[in-house]
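Below is one structure, written out as structure tokens; the observations come after it.
Every chain is numbered from 1 and lettered A, B, ... according to where its sequence line falls, protein lines coming before strand lines.
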Amino acid sequence: MTKSTHFNGKEWSEWQKDWAIEERYNFHTIEEKWQKIWDEEKAYKVEIDKDKEKFYALVEFPYPSGAGLHVGHPRSYTALDVISRKKRMQGFNVLYPMGFDAFGLPAENYAIKTGVHPAVSTAANIKNFTRQLKALGFSFDWDRSFATCDPEYYKWTQWMFIQLFKKGLAYKSKMAINWCPSCKVGLANEEVVNGCCERCGAQVVRKDKEQWMVAITKYADRLIDDLNDLDFIDRVKSQQINWIGRSEGAELDFAFGEDKLTVFTTRPDTAFGVTYMVLAPEHPFVQKYMSRFENPAEVQSYVKETAKKSDLQRTQSTDKTGVELKGIKAVNPFNGKEIPVFISDYVLTGYGTGAIMAVPAHDQRDYDFAKVFNLPIIQVLAGGDISEKAWEEDGEHINSDFLNGLNKEDGMKKAIDYASEHGFGRAKVNFKLRDWVFSRQRYWGEPIPMVYCEKCGWQPIPESELPLKLPEVTDFLPNDEGDSPLAKATEWVNTTCPCCGGKARRETDVMPNWAGSSWYFLRYCDPHNDKEFASKEALDYWMNVDWYNGGMEHTTLHLLYSRFWHKFLYDCGFVPTKEPYNRRTSHGMILAANGEKMSKSRGNVVNPDDIVEAYGADTFRLYEMFIGPFDQVAMWSEESLMGVYRFVGKVYSLFAKVKQVDMTEADTRAMHKAILEVTERIDQMKFNTAVSSMMTYVNYMSDLDVVPAEMYETLLRLMCPFTPHLCEEMWARLGHDDLLIKGSWPKGDAKLAEDNIVTYAVQICGKMRGTIEMPKNATKEEVQAKALELENVKRQLEGKEIRKVIVVPNRLINLVA
RNA sequence: GCGGACGUGGUGAAAUUGGUAGACACGCAGGAUUUAGGUUCCUGUGGCGCAAGUCAUGAGAGUUCAAGUCUCUCCGUCCGCACCA
């Protein structure tokens with residue numbers, strides 16, 4: 001059956017509009033009206049006010065993509081908008097800012113395709129995002145907004161990079177990068193999807209390039225340890241700890257030719273079980289000793305094969321391959337035994353020392369390798385069945401000389417002590433975290449403010465020359481060598497050395513887009529300052545961010561980078577706190593109705609503009625809060641949204657019943673219950689049940705013939721953070737001439753919320769058999785007497801004797817027979 | 001493999017932290033109103049049963065007067081990391 005779109009010659013949508021105006025609230029008019037008023041009054045502008053307690057709420061600023069706002073963005077923004085608005089009503093001086101993380105790939109790709117300068121498309125996108133955000137009525141202080149691509153902003157990003165360089169934390173290093181041979185462009189790891197270029201799909205290869213690196217690993221310990229004092233949700237903490245990957249163990253030196261071959265191990269206690277060693281194919285000793293191997297051709301060819309493989313190929317197969325370095329042996333310093341040495345790609349060059357001692361009896365990977373190459377397996381810890389697989393659990397040491405009889409823990413201590421005493425080992429902590437690759441061979445990013453002089457090496461440009469602005473180019477493609485498009489701006493590239501005044505070349509790579517977002521929360525504190533990135537006064541007042549909400553996908557990127565960056569600034573004395581964020585929460589993704597991700601290619605993207613047009617910003621906001629538990633994924637459902645729309649309409653029409661009358665006791669109870677519940681649930685981020693409480697409260701009022709004004713006003717206050725436009729409108733219609741958003745948050749009274757008649761559950765042997773009404777705080781005897789009057793109870797207890805009675809005051813009575 | 005989260009009606013989910021399981025919504029059914037059609041309003045709605053009842057929180061055991069909640073075992077789902085020595 002198809003629906004007719006016409007009725008009486010008129011479009012159905014036209015009818016809809018007419019009726020909406022006549023019968024129920026016209027959200028278009030209301031929302032436009034109040035957005036204009038708030039804007040004109042700069043209602044959300046905030047300044048330092050030392051008489052008031054500050055509250056800094058932060059959401060991750062968006063990348064202004066051409067696609068516009070996604071329905072996922074407002075989930076986070078509305079949540080902290082609700083919190084910010086409530087905090088304001090509770091008397092806090094609230095900073096809730098918004099800006100744009102505006103450097104990035106899509107704008108540059110768009111430029112390559114269309115020739116439109118990234119600055120132009122980005123500006124247009126920011127304009128569109130701003131319009132969309134304003135249409136949703138967020139209480140951002142727009143006077144503090146900026147984009148990371150503003151020269152007044154990236155001046156300070158560059159300045160901070162120079163500080164990193166001066167402290168030795170930024171350095172140049174030759175690194176293999178991901179290279180797309182078709183786009184002729186270097187890709188960041190996150191731009192490589194399944195080993196292929198995200199943009200064109202071509203297979204990505206590795207290419208050695210000189211890269212700027214930032215020594216985040218120097219902060220590895222502090223980045224873990226300082227999590228202790230922070231109120232971050234557990235999954236964020238554990239993911240960061242996991243990513244940093246701290247592991248304690250020892251470094252041990254094995255004799256190898258004239259050299260010492262140092263390995264890292266977490267199990268020094270198993271040293272007597274070492275039956276061979278393995279080097280990463282890239283290990284320097286492989287080339288150094290090549291002439292001494294009996295099988296150099298075989299070794300060389302394995303090295304070459306490994307180099308061709310991408311990281312993905314290398315880790316996809318866990319089948320062990322390798323080549324023995326014939327003609328040379330290593331010596332185990334614990335027992336003087338000679339052992340063979342192999343190269344294999346299961347040993348990674350970037351972790352530890354790029355070499356391992358292999359203990360096949362107690363490490364499954366070594367075990368697998370030993371099986372392939374038929375190597376001896378010596379058990380040194382009792383337990384398991386090593387004819388089947390490696391024994392990785394604890395046990396008593398055997399075949400281990402002075403370690404015999406000890407357990408794992410004691411064995412480790414003793415082994416490390418022994419090694420240090422004899423000068424061939426030491427305790428050592430290793431991390432999985434690598435230094436941060438900070439160069440991108442791109443155009444649309446912050447230029448790295450460094451020049452290279454043959455005589456003086458790498459030099460930062462003088463701070464007085466900041467910002468170092470991006471040069472104009474017309475071709476945004478990199479060249480065949482993989483140089484950034486900036487390399488083509490020869491006039492810009494060729495410069496003089498700030499040190500000796502001689503000829504020098506500018507760095508042509510730009511910063512990754514994680515640079516600008518590493519400190520943006522500091523700039524919000526003092527966004528127009530042109531003397532410093534933010535004044536001490538502003539930082540002292542506003543920092544830390546009290547509550548930061550953002551996506552889980554940034555946990556090991558932006559969130560970790562910015563914590564590091566902030567700690568660095570703290571060490572330099574530029575910021576007053578050692579951590580930037582007191583509290584970190586994370587919202588779940590919003591998926592399409594069928595549980596799939598929303599994406600352009602699937603054609604299931606919901607555009608916030610359409611929802612605002614059809615149902616209004618208030619309904620949209622409230623629905624996003626009602627959709628489900630905030631930290632869990634949620635599925636978009638237009639039908640559910642309808643329910644919220646009906647509720648909002650109900651609140652609107654309730655106004656017709658509002659009169660200046662006194663509240664009954666029951667009214668008072670309902671009101672205070674609502675206040676207490678909504679207040680508590682917002683603080684706990686249980687927005688979905690906060691909305692339920694408001695619905696219950698409204699349902700109560702709907703049943704009344706006359707709604708006391710105080711009840712309705714309280715509803716408006718409670719709902720104002722969620723649906724500010726409607727509440728402000730109804731507030732005005734009640735005759736108030738002040739702004740509700742500047743009003744106060746209601747105070748709930750637990751005593752007034754309580755009923756003096758309570759319902760007891762009556763159980764017999766733990767099974768529900770009925771309920772009884774009792775005055776509050778009745779005695780145990782009174783409750784029991786009343787319970788025994790129930791027909792059902794009498795029947796159940798027939799012929800039985802009550803052995804025990806349990807009464808939970810004001811809750812239940814359990815008769816045990 | 002390691003780390004984290006989780007498993008409750010037809011659906012999204014609640015449950016005062018051990019105390020009446022399914023709040024609040026969606027959907028559905030019946031009815032009302034209306035301009036045929038709703039994005040309107042009312043009533044009902046976990047399963048089985050005519051009923052008294054009885055069975056129900058992934059499965060199984062345990063602790064307890066009482067378990068969705070605590071303990072153990074197993075099964076399953078999602079997310080992150082992954083040959084990290």
Side-chain angles (χ1 to χ4, degrees), chain A residues 1 3-5 7-8 12 15-16 19-20 23-24 233-243 245 247 249 263-267 270 278 314-320 344-348 350-359 362-366 368-369 392 430-434 552-553 555-556 588-589 614-615 623 626-629 631-635 637-647 649 677 680 686 688-696 699 759-771 792 795 803-808 811-817:
Chain A
M1 218 166 58
K3 274 188 192 171
S4 157
T5 53
F7 175 65
N8 289 356
W12 166 239
W15 280 110
Q16 225 176 345
W19 291 342
E23 288 176 20
R24 78 174 59 104
I233 52 171
D234 285 343
R235 55 190 172 139
V236 168
K237 282 191 184 181
S238 64
Q239 220 166 290
Q240 288 205 343
I241 291 169
N242 225 313
W243 180 262
S247 54
V263 300
F264 172 73
T265 177
T266 52
R267 296 295 305 276
T270 60
V278 187
R314 209 167 147 168
T315 54
Q316 231 164 19
S317 153
T318 50
D319 295 340
K320 298 291 182 284
S344 172
D345 64 2
Y346 86 93
V347 173
L348 309 171
Y351 183 76
T353 62
I356 62 155
M357 59 176 221
V359 186
H362 304 291
D363 182 290
Q364 192 56 42
R365 294 156 303 176
D366 298 346
D368 295 341
F369 189 88
E392 295 180 332
N430 252 324
F431 297 94
K432 282 194 226 174
L433 184 71
R434 314 288 165 86
M552 277 310 286
E553 69 274 20
T555 302
T556 53
M589 257 202 301
Y615 304 102
Y623 172 61
F626 188 61
I627 194 166
D631 56 351
Q632 283 168 40
V633 292
M635 276 174 277
S637 156
E638 191 131 348
E639 284 162 340
S640 244
L641 184 136
M642 289 300 313
V644 173
Y645 179 72
R646 263 178 228 135
F647 169 70
E677 285 183 0
E680 186 183 288
K686 293 182 175 178
N688 53 334
T689 50
V691 177
S692 305
S693 298
M694 298 189 297
M695 286 173 167
T696 306
N699 287 344
T759 306
Y760 274 79
V762 180
Q763 296 183 341
I764 292 168
C765 296
K767 292 214 181 249
M768 263 292 289
R769 297 298 175 190
T771 56
N792 205 2
R795 197 167 50 239
R803 286 183 295 142
K804 199 172 174 186
V805 179
I806 290 141
V807 175
V808 181
R811 247 179 222 300
L812 68 69
I813 173 166
N814 190 6
L815 303 165
V816 185

Legend entry - Position toward the 5' end of RNA chain B (nearest nucleotide), A:G770 or A:T353: A:G770

Inset, instruction - Could you summarise the pairing of RNA chain B as dot-bracket text, marking Watson-Crick and G-U pairs under 3.5 Å with ( ) or [ ] inside the strand and | across strands? - result: (((((((..(((......[....)))((((((.......))))))(((....)))..(((((..]....))))))))))))....

Inset, instruction - Return the 5'-most residue of the pair A:V816, A:L433 with respect to RNA chain B, ranking by each residue's nearest nucleotide. - result: A:V816

Inset, instruction - For A:V347, report the nucleic acid contact type (base, sugar-phosphate, nothing); a contact means any heavy atom under 4.0 Å. - result: base

Inset, instruction - In whole angstrom, give the distance that lies between atom CD1 of A:I806 and atom P of B:A66. - result: 8 Å

Inset, instruction - Between B:U11 and B:C75, how far apart are the P atoms? Round to whole Å, please. - result: 25 Å

Inset, instruction - For A:D234 and B:G3, give me the distance from atom CG to atom P, rounded to whole Å. - result: 15 Å

Inset, instruction - Calculate the interatomic distance between A:I233 atom CD1 and B:G80 atom P; express it in whole Å. - result: 14 Å

Inset, instruction - For A:V808, answer base if it contacts any base atom (sugar-phosphate contacts may also be present), sugar-phosphate if it contacts only those atoms, and nothing otherwise; contact means non-hydrogen atoms under 4.0 Å. - result: base

Inset, instruction - May I ask you to verify if any side-chain N or O of A:R646 is less than 4.0 angstrom from the OP1 or OP2 atom of B:U40? - result: yes

Inset, instruction - Using atom NZ of A:K767 as one end and atom P of B:A21 as the other, report the distance to the nearest whole Å. - result: 10 Å

Legend entry - With A:D631 via side-chain hydrogen bond (donor to acceptor under 3.5 Å, both in side chains) - residues at least two apart: none

Inset, instruction - Would you classify A:M768 as touching base, sugar-phosphate or nothing, given that sugar-phosphate means primed atoms plus P, OP1 and OP2, and contacts are heavy atoms under 4.0 Å? - result: base

Legend entry - Considering all heavy atoms, the nearest A:T771-A:A761 contact: CG2-CA, 4.4 Å

Inset, instruction - Using a 4.0 Å cut-off on protein heavy atoms (strictly under), produce a 5'-to-3' string for nucleotides 10-16 of chain B with B for base contact, S for backbone-only sugar-phosphate contact, and - for none. - result: --BSSSB

Legend entry - Nearest atoms (heavy-atom pairs only) where A:V236 meets A:M552: CG2-SD, 3.7 Å

Legend entry - Under-4.0 Å side-chain N/O to phosphate OP1/OP2 contact, A:S693 with B:A23: no

Inset, instruction - Determine the Euclidean distance between corresponding P atoms of B:G10 and B:C6; express it in Å to zero decimal places. - result: 23 Å

Legend entry - Syn/anti label of B:G9 as read from its glycosidic torsion, with the cut at 90° from 0: syn

Inset, instruction - Grab the CG-P distance between A:L348 and B:A85 for me, whole Å please. - result: 10 Å

Legend entry - Whole-Å P distance, B:A51 and B:A67: 27 Å

Inset, instruction - Mind calculating the distance between CZ (A:R769) and C1' (B:A52) to the nearest angstrom? - result: 11 Å

Inset, instruction - Identify whether any heavy atom of A:Q364 sits under 4.0 Å from a base atom; if not, whether one sits that close to sugar-phosphate; answer base, sugar-phosphate or nothing. - result: nothing

Legend entry - Nearest to side-chain heavy atoms of A:W243, which nucleotide of B:C24, B:C65, B:C81: B:C81

Inset, instruction - Would you tell me if any nitrogen or oxygen in the side chain of A:Y351 comes within less than 4.0 Å of OP1 or OP2 on B:A85? - result: yes

Legend entry - B:A25 phosphate, OP1 or OP2, under 4.0 Å from A:N699 side-chain N/O: yes

Inset, instruction - Could you tell me whether a side-chain N or O of A:N814 sits under 3.5 Å from a main-chain N or O of A:I806, the two making a donor and an acceptor? - result: no

Inset, instruction - Describe the nucleic acid contact of A:K320 in one word from base, sugar-phosphate, nothing, applying a heavy-atom distance below 4.0 Å. - result: base

Inset, instruction - Check whether any side-chain heavy atom of A:F626 lies under 4.5 Å from a side-chain heavy atom of A:S640, and answer yes or no. - result: no

Legend entry - Conformer about C1'-N of B:U11 - syn within 90° of 0, anti elsewhere: anti

Legend entry - Gap in Å between the two P atoms, one belonging to B:G47 and one to B:A56, rounded: 16 Å

Legend entry - Which nucleotide in B:G4, B:A85, B:C65 has an atom nearest any side-chain atom of A:S238: B:G4

Inset, instruction - Establish whether the base of B:C81 is bridged to the side chain of A:K432 by a donor-acceptor pair shorter than 3.5 Å. - result: no

Legend entry - Pairwise P distance, B:G76 and B:A59 [rounded to whole Å]: 15 Å

Inset, instruction - Using the C1' atoms only, state how far B:A66 lies from B:U20, rounded to an integer number of Å. - result: 12 Å

Inset, instruction - Quick one: label A:S637 by what it contacts on the DNA or RNA (base, sugar-phosphate, nothing), any heavy atom closer than 4.0 Å. - result: nothing

Inset, instruction - Of all the heavy-atom pairs spanning A:Y760 and A:V808, show the shortest one and how long it is. - result: CE2-O, 3.7 Å

Inset, instruction - Using the C1' atom as the reference point in each nucleotide, state the distance between B:A25 and B:U17 in Å, no decimals. - result: 24 Å

Inset, instruction - Tell me what A:R434 touches on the nucleic acid: a base, only sugar-phosphate, or nothing, going by heavy atoms under 4.0 Å. - result: base

Inset, instruction - Apply side chain to side chain contact (heavy atoms under 4.5 Å, CB included) to A:Q364 and list each qualifying residue two or more places apart in sequence or on a separate chain. - result: A:Y367, A:D368, A:K389, A:A390, A:E392

Legend entry - A:M695 side-chain proximity, nearest of B:A85, B:A25, B:C83: B:A25

Inset, instruction - Look at all strands and tell whether A:N792 reaches a base, only sugar-phosphate, or nothing, counting heavy atoms closer than 4.0 Å. - result: sugar-phosphate

Legend entry - Whole-Å distance separating the CD atom of A:Q239 from the C1' atom of B:A82: 13 Å

Inset, instruction - Quote, to the nearest angstrom, the C1' distance that separates B:G7 from B:A13. - result: 13 Å

Legend entry - Worked verdict on A:V691 versus A:V644 for side chain to side chain contact (heavy atoms under 4.5 Å, CB included): CA-CA 9 Å; A:V691 177; A:V644 173; 5.8 Å; no

Legend entry - Donor-acceptor contact present, side-chain A:T270 to main-chain A:R267, <3.5 Å: yes

Inset, instruction - For A:S247, report the nucleic acid contact type (base, sugar-phosphate, nothing); a contact means any heavy atom under 4.0 Å. - result: sugar-phosphate

Legend entry - cation_pi(A:K320, A:Y346) dist<6.0 Å, angle<=45: yes

Legend entry - Donor-acceptor contact present, side-chain A:Q239 to main-chain A:T556, <3.5 Å: no

Legend entry - Residues forming a side chain to side chain contact (heavy atoms under 4.5 Å, CB included) with A:N699, sequence neighbours excluded: A:K650

Legend entry - Partners passing side-chain hydrogen bond (donor to acceptor under 3.5 Å, both in side chains) against A:E638 (at least two apart in sequence or in another chain): A:Y615

Legend entry - Spacing of A:D368 atom CG relative to B:A82 atom P, expressed in whole Å: 20 Å

